[in-house]
Amino acid sequence: MKEGELIELLSGIVGAENVLTDEIELASYSFDASNIRGLPNVVVRPSNNEEIIEIMKIASETGTPVTPRGSGTSIVGGSVPIKGGVVVDLLRMNKIIEVDEDNLLATVEAGVTVSELNRVLKDNLFYPIDPEIKGISTIGGILAEDSACPLSTDYGTARDNVLEIEVVLPNGKIAHLGTKAPSKQRHLIDFIIGSEGTLGIITKATVKLSPKPEARYGFFIKMSDSSDAISIVQEAEKKGIRISAFQAIYRDALKEIGEEVSADYIDFVGLIELRGDPLWLSSWVPKLREIISELDPVEIEEIEEEGIEGYWSKVSVVHDVMKTKGMTGLSISFTIHKDKMRDLLQRIDQASMRLNLPSITTFHPALGWIIATFLFGPEEKKESERAEKAISFVGEEVSRLGGSIGFGTGIGVSMADQYFKSSPDAVRLLVMLKRALDPKNIMNPGKLIPSREI
Ligand SMILES: Cc1cc2nc3c(=O)[nH]c(=O)nc-3n(C[C@H](O)[C@H](O)[C@H](O)COP(=O)(O)OP(=O)(O)OC[C@H]3O[C@@H](n4cnc5c(N)ncnc54)[C@H](O)[C@@H]3O)c2cc1C
């Protein structure tokens, strides 16, 4: 089908004002928060699931690639239309359909952002999965990525906080999966969650809400050995202390956040948050203080409730650093057994030194989760090739040490090769399932599964 005909058909579905074809408008959909770029042929902005069904039918008939897009904060190129075609911008699907405070549930359209949802909730409730901690990500994007965040230690990832989804499949058929009670369809919901828009477009979801904790308490610590982070978690677990979040910035980024690294040797700066009933906290806080003190911290600062939010921005710096330095980056996110975290942090150092690229590493000791970003100049081809080598080296080390690539931030384009290398059986199974559901490979092609494997 000619592009003009496609645009006409799409305009008939969503209205000409919601079909973007202007060069500058298209360019604004050619990137996300990664270094991946790809220009769409057309962008559509549907406002309901019926429009999405019609869009998908046309795409399926014509074999046109479809890239779903929420807020475009993916750091792995997930929302970039690398094969051109149609970008389906879901931000007009922003209705909060129902908030059921008694049962701690909210039913929302896929384009609702975390901050929009949290804004309408009563003061004592919140949706806990906020991957970039600014509330920009959409519920659809979060479910598609199975996003994680610092609070995932306590609340799990996106899949642990959803009961029902509605998804439009590549053939234009709609599937309602799950119920408001735990259901037998759980495994099918889990099949769509985390599939990164490669199996369909999520249009609606019923997500779980959580009561805000009655009390919060924080420890901001500077330690001289990253293995201390693991010891803190292990000792806390043994003593029955529930750590709700523990995010650390590794030494490779300390200079970037203005830490004085020369005076005392600091290996990481971290924020530990405890949440819950004030009575529990009154027992946990002194025990955790003792655990940390025994490890001889370089510095320990205790933070009362109101101060904690400010400290979160201190340990969530990657994007800000890239912006101030005018650099871009290639990230690898993975989980690894806690005992191997220190080894992997050292491998990241090695890659950074050998390939002469700055890196910024954040890690979550309680989850065994590490995100490393190698920075380079946006126009520096040689540096970007070195960043790919660094990612490849770290990816191989993750596989060798028994870890898993893609936790939280997803695989997208930039991690697809690494994912295949580290989990070939999983990718081969994915290919079979993908071929059955999407025989023309129209849904988000080139993501999650390397193009050559399809
Ligand atoms: C500074 C920063 C920090 C971040 N930190 C984290 C972190 O700690 N943990 C983490 O998990 N992520 C993190 N991210 C990545 C990102 O925020 C998450 O992946 C987020 O869930 C994406 O939401 P979005 O609405 O922006 O989705 P997009 O980026 O628009 O899309 C993400 C993926 O989902 C697909 N998609 C979007 N909507 C739908 C839909 N309705 N149906 C089907 N597929 C869809 C897209 O095609 C794409 O593959 C971070 C990003 C930034 C910029």
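One-based numbering, in listed order, for ligands and for the atoms of each. Every value quoted in this text rests on a predicted model; they were computed, and no experiment measured them.
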For E237, look at atom CD and say whether over 12 heavy atoms of other residues, nucleotides or ligands are found less than 6.0 Å away. yes

Under 4.0 Å from ligand 1, counting heavy atoms only: the protein residues, by chain and number: A33, P68, R69, G70, S71, G72, T73, S74, I75, G78, S79, L90, A110, P131, E132, S137, T138, G140, G141, I142, A144, E145, S147, A148, E196, G197, G200, I201, I202, H319, W369, G408, T409, N444

Between E385 and K381, is there a side-chain N and carboxylate O pair less than 4.0 Å apart? yes

K95 (side chain) donor-acceptor with E109 (main chain) under 3.5 angstrom: no

Quick test of your reading of the model: are D32 and R69 salt-bridged, counting only N-O distances below 4.0 Å? no

Check step by step if side-chain contact (heavy atoms from CB on, under 4.5 Å) holds for F219 and I232. CA-CA 12 Å; F219 288 87; I232 291 172; over 6 Å; no

Min side-chain heavy-atom separation I221-F268 under 4.5 Å: yes

